[in-house]
Amino acid sequence: MSAVEIAALIAAGAFVLLVLLLAIPLLKLGRTLDAATEAIKTANDGTDPLLINANQTITHVNTQLERVDGITANAQAVSGNVSALSSVFTATLGGPLVKTAALSYGVSKAIKARRKKKEAKAARPGRRRKQ
C-alpha cells in the first residue's frame, strides 16, 4: 500500500466518522419535528370546541347588549318625560310659589322691624307723655 492509498483510507474513515456524528443530531431533530407536528395537531383539534364556545358566548353577549340598549332607550324616554313634567310644574306653580315666598319673607321682615321699633321706643328713658 502506498502513502496515497493510506491517506485515502484515513480520509474515508474520517468522512464515515463525520457522517455518524452528524446522523445523531439529525435523528434527534427528526424526533423533535415529529413531536412538534403532534403538538400542533393536538392544539388544532382543541381549538375547534374553544372557538365554538367563544362564538356562543359572543352571541349571548350580543343578546344581552340588545336588552341593555332597550332599557337605555326607555330610561332616556323616562328622563325626557320627567324633564318635561318639571318644566310644566315650574311654569305653572313656580312663579306663584316664588311670589308667595317673597311676600311671606317681606311680611316677616316688616313685623320684626316693627317689634324692634316698639321695643326701642319702650326702652328709652326720660321721655314721658303728657296727660
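In this chain, residues are counted from 1 in sequence order.
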Flag, side chain of Ser83 to backbone of Ser79, donor-acceptor distance under 3.5 Å: no

Point-to-point distance, once rounded to the nearest 0.5 Å, from CG of Asp69 to CD of Gln64: 12.5 Å

Which atom of Pro25 lies closest to which atom of Leu22, heavy atoms considered: CD-O, 3.3 Å

NZ-NZ distance between Lys112 and Lys116, expressed to the nearest 0.5 angstrom: 10.0 Å

Value rounded to 0.5 Å, distance of CG in Leu65 from CD1 in Ile58: 11.5 Å

Inter-residue atom distance Leu17.CG - Leu21.CG, 0.5 Å rounding: 4.5 Å

Pairwise distance CG(Asp45) to CD1(Ile40) - rounded to 0.5 angstrom: 12.0 Å

Ile10 and Ile6, any side-chain heavy atoms less than 4.5 Å apart: yes

Residues, nucleotides or ligands: over 12 heavy atoms within 6.0 Å of Gln76 CD: no

Linked hydrophobic residues, Phe15 as query - side chain contacts closer than 4.5 Å: Val19

Distance in Å, Asn55 CG paired with Leu50 CG, rounded so as to fall on 0.5 Å steps: 11.5 Å

Contacts of type side chain to side chain contact (heavy atoms under 4.5 Å, CB included), residue Val107, not counting sequence neighbours: Leu103, Ile111

